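Being a predicted model, the structure only gives us computed values, none of them experimental. The chains referred to below are lettered A, B, ... by the order of the sequence lines, with proteins before strands, and numbering in each begins at 1. Computed from heavy atoms alone, side chains included, the values below leave out hydrogens, waters and symmetry copies.
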There are 2 protein chains.
Amino acid sequence: MEKSQKIIKQSDENCPVRKSLALLGGKWTLLILFQINDRVLRYGELKRCIPDISEKMLIQELNSLVENKLVSKKAYPEIPPRVEYCLTELGLKTLPIADKLASFGLQNLK
Amino acid sequence: MEKSQKIIKQSDENCPVRKSLALLGGKWTLLILFQINDRVLRYGELKRCIPDISEKMLIQELNSLVENKLVSKKAYPEIPPRVEYCLTELGLKTLPIADKLASFGLQNLK
DNA sequence: CAGTATCCTGTAGGATACTG
DNA sequence: CAGTATCCTACAGGATACTG
């Protein structure tokens, strides 16, 4: 494996780690992406997957994820409403990060 | 590759992603770990590596990283003082996460 | 050099109630 | 069902000055 250090010279605003963290660093962001994973989930299902999140935070995160092209949203013009969320191509690329986070937690944290 | 989904049933407090995020989710945490990497760095060197961080945040993060056994600290009884930081075994295990973050940023973010 | 000590602020995040 | 709309607050994070 190549030395990570070679990737980056200075931790300025252009640092890829900081840019990724700016996009993904929220308390819930990676967890939501990880929960959606390769599935297509309705709002309510997602909420049930992450019981501790407030409605406000969930919808707020989803909106910004959609805005940032990590998640795509499909609303059906039905009553009662149905809205489905899934990861975009870009969103799928974040899964390896969440996976590393998960395996780190599993292996090292009680 | 195995389905990530199998790892976890629910996103409760025991969710490994959330536990990892609780430990590593700060604005600077993973960046500091990534900067130290496999090196042994003095406080001042580290500060120069991450120019934007405030002294308070840097020392605060370092202290909590030491407390959480991710970083080890060696202070030499000299004048002027010399203090060296490097990653512990556990800290080294977080590098793959930072690496994924870095490569995601490099490949996908402008 | 490697930190402390203060003071300050924005905003991430939450609780609750309401709606098309 | 899938959201809005309000109101609220703790604390992450920062600026600045000082010290052993």
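Shown here for A:C49 and A:L41, the closest heavy-atom pair between the two residues is SG-CD1, 4.4 Å. Annotation for A:R42 and A:E84: closest pair CG-CG, 4.1 Å, computed over non-hydrogen atoms. When all heavy atoms are compared, the tightest approach of B:I59 to B:K56 is CG2-O, 3.3 Å.
Taken residue by residue, residues 76-83 of chain B places heavy atoms nearer than 4.0 Å to DNA chain C at B:P80, B:P81, B:R82, B:V83.
A:S72 places no side-chain N or O within 3.5 Å of a backbone atom of A:T88 that could act as its donor or acceptor partner. Checked by atom type and distance alone, the side chain of B:N37 pairs as donor or acceptor with a backbone atom of B:F34 at under 3.5 Å. No donor-acceptor distance shorter than 3.5 angstrom exists from the side chain of A:T29 to the backbone of A:G25, with no hydrogens or angles considered.
A:V40 and A:L92 fall into different hydrophobic clusters, defined by Ile, Leu, Val, Met, Phe, Trp and Tyr side-chain heavy atoms under 4.5 Å apart, directly or through other members.
Between B:L58 atom CG and C:dT4 atom P the separation is 11 Å, expressed in whole Å. If you take NZ of B:K74 and P of C:dA2, they are 15 Å apart, rounded to a whole angstrom. One interatomic measurement links the two molecules: OH of B:Y85 to C1' of C:dC1, which rounds to 11 Å at whole-angstrom precision. Note: CG (A:L46) to C1' (D:dG3) measures 13 Å, nearest angstrom. One atom, OH of A:Y43, and another, C1' of C:dT19, lie 13 Å apart when rounded to the nearest Å. Atoms CG (B:L62) and C1' (C:dG3) sit 11 Å apart, rounded to a whole Å.
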Verdict with reasoning, A:L31 to A:I53, per side chain to side chain contact (heavy atoms under 4.5 Å, CB included): CA-CA 11 Å; A:L31 184 65; A:I53 198 171; over 6 Å; no
Working for side chain to side chain contact (heavy atoms under 4.5 Å, CB included), residues B:L65 and B:Y85: CA-CA 10 Å; B:L65 287 171; B:Y85 294 92; over 6 Å; no
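Comparing atom distances between the B:I59 side chain and each of D:dT4, D:dA2, C:dT4 picks out C:dT4 as nearest.
Looking at A:R18 and B:D52, their side chains come closer than 4.5 Å, going by heavy atoms from C-beta outward.
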Give each protein N/O atom lying under 3.5 Å from an N/O atom of nucleotides 13-18 of chain D, with the pair distance.
{"from": "D:dG13", "atom 1": "OP1", "to": "B:K27", "atom 2": "N", "distance (Å)": "3.2"}
{"from": "D:dG13", "atom 1": "N7", "to": "B:K56", "atom 2": "NZ", "distance (Å)": "3.1"}
{"from": "D:dG13", "atom 1": "O6", "to": "B:K56", "atom 2": "NZ", "distance (Å)": "3.0"}
{"from": "D:dG14", "atom 1": "OP1", "to": "B:K27", "atom 2": "NZ", "distance (Å)": "3.0"}
{"from": "D:dG14", "atom 1": "OP2", "to": "B:W28", "atom 2": "NE1", "distance (Å)": "3.1"}
{"from": "D:dG14", "atom 1": "N7", "to": "B:K56", "atom 2": "NZ", "distance (Å)": "3.3"}
{"from": "D:dG14", "atom 1": "O6", "to": "B:K56", "atom 2": "NZ", "distance (Å)": "2.4"}

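Inter-axis angle, ends of the helix from C:dC1-D:dG20 to C:dG20-D:dC1, five pairs per end, rounded to 10 degrees: 60°.
Within 6.0 Å of atom CD in B:E78, more than 12 heavy atoms from other residues, nucleotides or ligands are found, so the atom counts as buried in its surroundings.
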